[in-house]
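This report refers to the structure that appears directly beneath it.
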Amino acid sequence: MDPQLSHYTQFFIVVTNLCKTNQITPEQKSLLKSNLTSKDEKICRMLIQNSGPGKEIQLREALLDYLAAQNKQIQRRRSHKSKTVHFMKDVAEQETQQEIVPQQESSAQPLASAAAVMIEQLVGVLHKHIDKHSLLVSEDKEKLIQLCNLIQKLTSEQVDLDGVSPFRARYSSENSKLAEISEKDLDSSDEDVYEKMVKGIDHIYKELKSIFTGNLHTHLLLMQEDISYENLYQVLKFLLKTLVDADEFTFFIHRDKEWEVYSSSNDSIKDVTPEEAQRVTDELAYIRPFCIHRIDPKQRQYPQIEETCKTNTFSQTSIVKFQLQLKNYEVLFCLHWTDKDKKNIKRKFINYANMYGFNKDVTHLAQFLVETIITAKVQFFNPLRFSDQVQDIGISFMRISRFLLVEGIKKVLSIKFEVEKEQTFSTDENIKRQKESQCVKIELKDQNPVTLRIKDMDLKNEQDLHLYSAIIQIQEKYDGYVKLCYEKSAFYKYFLRTTDSLLFDFNKQGELIFLSRPISKSLKERFNINFDPKAILYNKISYQDIFAQNSIISNIEVNIQNIHENRRNQYLSNLENPQFEIFLKVVDNDFKGFTVIFHENEARRLKQYFMALKIDNMTNDVQKEAEANKSLEEDIQKQILIQYNKHQTFKFLNQLDETQDVANSMIALFIPENELQQIRHRKTDGRSPEQQSKDLQNDQWVAPPQKKKKIGSSVYIKYQQQLETVDANLFKVNDSDSQLDLFEFNILVLDSSQEKHRLVYSILERNGFISQYKLNKQCLAQFLSVLQKKYNKRNNSFHNYDHGIAVMQSAHYMLQCGKAKQQIDDFRRMSTIISGLCHDVSHTGRTNIFMINSRSKLATRYHDSSPLEQHHAATTIFMLKDPSLNFLNSLSKEQSQQFRRILIDNILYTDIKVHFTLLKDFESRIKDEVTKPFGTGDDDLKLLTGMIIHTADFNGGAKVFEISRIWSERVNKEFSAQYDEEGRLGIPQTPFLKDLDKLHIMAKSEMGFFKVIVRPLWFTLNTFFDGYLQQSITNLDNTIISWEKIYHANLPKEEKQQQQL
Ligand SMILES: [Zn+2]
């Protein structure tokens, strides 16, 4: 009656769960395990009878019955104090342990080795079967992995600080710690020891307090006008150093079937070869999620992971595995420390994480870092977006730091006393009472309460009493500080969300601790404010550094003088200059600091908020406090959510064109007004007569010879000889046309133009428009033949008929989504799909700027305002005026008018110049849902279909990289040709179009363009469509990263060196 592998697996899972949920004690768990190892007949039978999927409950009941029957035996064993066994380590350390702890119970050892042998076998089986060619059914595989995780847990969770097994530590730590101390304090007397202990604890207290200030410094660093990626990257590294003292990080990320590795030391993403990826996957199977593991370089447990992260170059590496909330990507995150300085107490966040259950908080920090890096790599962002999260992480580390204080107290006390730590309260009341009567206790109440029992401390002894009360005092002070941090955080968060007030918070020494957002240029100028956030890295920043204007400084100083006299909170409106106000904080008669607030029209509301703030009410328990703050916070959030969202967008736009990254890239082309004027300005300034004559020629640039207008002539008849005939009889729907309903549809694989025409027809037919609006097939055929002709007459590599159909198909795809159908009626859907088809007809292959600078006819005709787009719309309407082309001839007069309006609006929205306005308007409408549901606003549908066409215009870029790259190459070919032509014509050469034939320059330009323009569009629409366009986001992220890799791989050596300097 031998149990098989699957039985063992199930047994381990059930037993571990029983123990985890406190239904059995660790001793009982050990007993069950050892009885299984010795093949106890009852257990074996139980296992076999209750095996299989869904039988866990029966097995659990059976095991509990079994234990009940053996109750007496257990009682006896419990007194033995045998604990969970540390399998793997025990085997490895058997010999050393025997030397160190000769008193170790003899019974534990055979059990440990037997279990170890069994586990080794299981691991062997898993190794053999877990790879791709696995013969295991997935259920077994899953169980095996679960089992491995359990084993992993058993071997890792008990690794105490400094990697010492508690098993050994329990017996040796007191001795070794005493030895350590006695070495240091060889000559010191008892009094010195007490004094040292108090000092030591006070030191820990102060160091832990610095977590919150450090976190606020991180926030200050974020408050720069420079929103470049590089700045954010520095901020993240600073945050990591501040919170856990780590120097670098690496993460493995599993997306779209591929593994990639990001390394912070050179801020780059690398692909992992399939073989390496397989090994990483295998190694990951043994890592328990959310559990912080320390990598032991001697054991080489994870050879591939260690090699990829180059762990040998660091003194310590800890890892954690998790799923990314953002996208369900699997991530392995590695933290690295370069030196061995173990004195820094913040490192212990990592060491104690599993033990105290704050591995979730540490994982959250890791998740934030990963998400921020991958988001910032693919999309431009507003730093305010991250401020909130930085605040949250800071406050959560502040809370859990109380455990470090308790650990610190324990360590310091063990110089003289025997200290026992207890995390969960013992269920055995007798033992508890017995222990309590003998010991002095220090308690930390939290979700995971901790009690320190100090054995030989005698409170009748004056020194002991003094030490004890000092500790209790520090603990209370620390709790108060944590509460204060919660309060401050809520206060700061409020200001993070206001739109027109700017808050500076100073401590009582007058040093800046918080700034609510980057200071606008106008405010800086008006009040003569100097502020460089980076200075915080080297110095404290005082109010005198910031305000050069004497009136502000004297205002502050006079008021601080006053407050020392009357000692109460004061809110001071400034009558001479109502644009800033000062709030002075007093807690318990003690001046605590002051804030300076600049604002435009929020004065009254802010004042009320201040009045309501109960700064000196700090009697509650931390938990309660946090909850109270939460509700307060929710309140505030509701109040100003809408404003806040609007603010984000505006701020983003304002900052965008001040950013160097943007100013020097092609994107500047799309933020035109000022840029455009500069270019025009340059042109009129230094124009030679030669150029002027060239300019005259330029005027004729657009005029093709056949364009001499004959009023009343039929477009179709005029072109007929040159046109290919489109046979309306071919307009049928094929079975294969279902590809038209997919996001992946790729026009590039088609070369027959008959087939392309037919697909246009098919899209209309699939929507039912042909019959619903009685579209005229014959006219449609002729319309398409003229449309194609007009699209392709200049042989544009990008702006051609293919592009028109691709945009039409993409719009069709989007309009199939439920939310689109629910918002947009059939007629508007049809009009929008046709807008997509025609949106670039008769494109010159040049940008609007070129059209304007070259003084083209189009620019003249449309007064430089969206000349191309107006031309595309006008061309379409002109064509439809021709009776032989007007396939919409069954529409009523009103419908025709409406169609015309929708078509024009949609096409005008494809001018990149209005991109930001459109995006901003749409964003603020969809975020405004609370007060005014989308669809009820006058322009909502116009905005929505505008967004659809504008976004669909970038469908090529949103395809998988292999296809996206082709579209990018095509459009860049047009840009390069334009740059050359600008040179030939002697008109200003658009700087961002220079050298696009060089791969690294094109790659950089594409990267920026996708991050700033394309991704935000798809992202916003995807949000509105509840994830319907998720594929595009995945593709775009991949595309941006791919361009980044191409950029780095093709960067000429000289430039690479320059960058490193
Ligand atoms: Zn287009």
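We count ligands from 1, going down the list as the structure has it; atoms in each ligand are counted the same way. Note that these values count all heavy atoms, side chains included, but never hydrogens, waters or copies made by symmetry.
Ring geometry for Trp1043 against Phe961 counts as perpendicular: the plane angle is over 60°, on a 0 to 90° scale with 30° as the lower cut.
Using modelled atom types, one finds no donor on one side chain facing an acceptor on the other under 3.5 Å when comparing His839 with Asn906. Side chain to side chain, Glu982 and Gln978 meet the donor-acceptor criterion of an N or O pair below 3.5 Å. For Asn848 and Glu869, the side-chain atoms include at least one donor-acceptor pair closer than 3.5 Å.
The name of the N, O or S atom in Asp840 nearest to the Zn ion (ligand 1) is OD2. The atom of Asp953 that is an N, O or S and sits closest to the Zn ion (ligand 1) is OD1.
With 2.8 Å as the limit, His839 counts as an N, O or S neighbour of the Zn ion (ligand 1). With a cut-off of 2.8 Å, the Zn ion (ligand 1) has an N, O or S atom of His803 in range.
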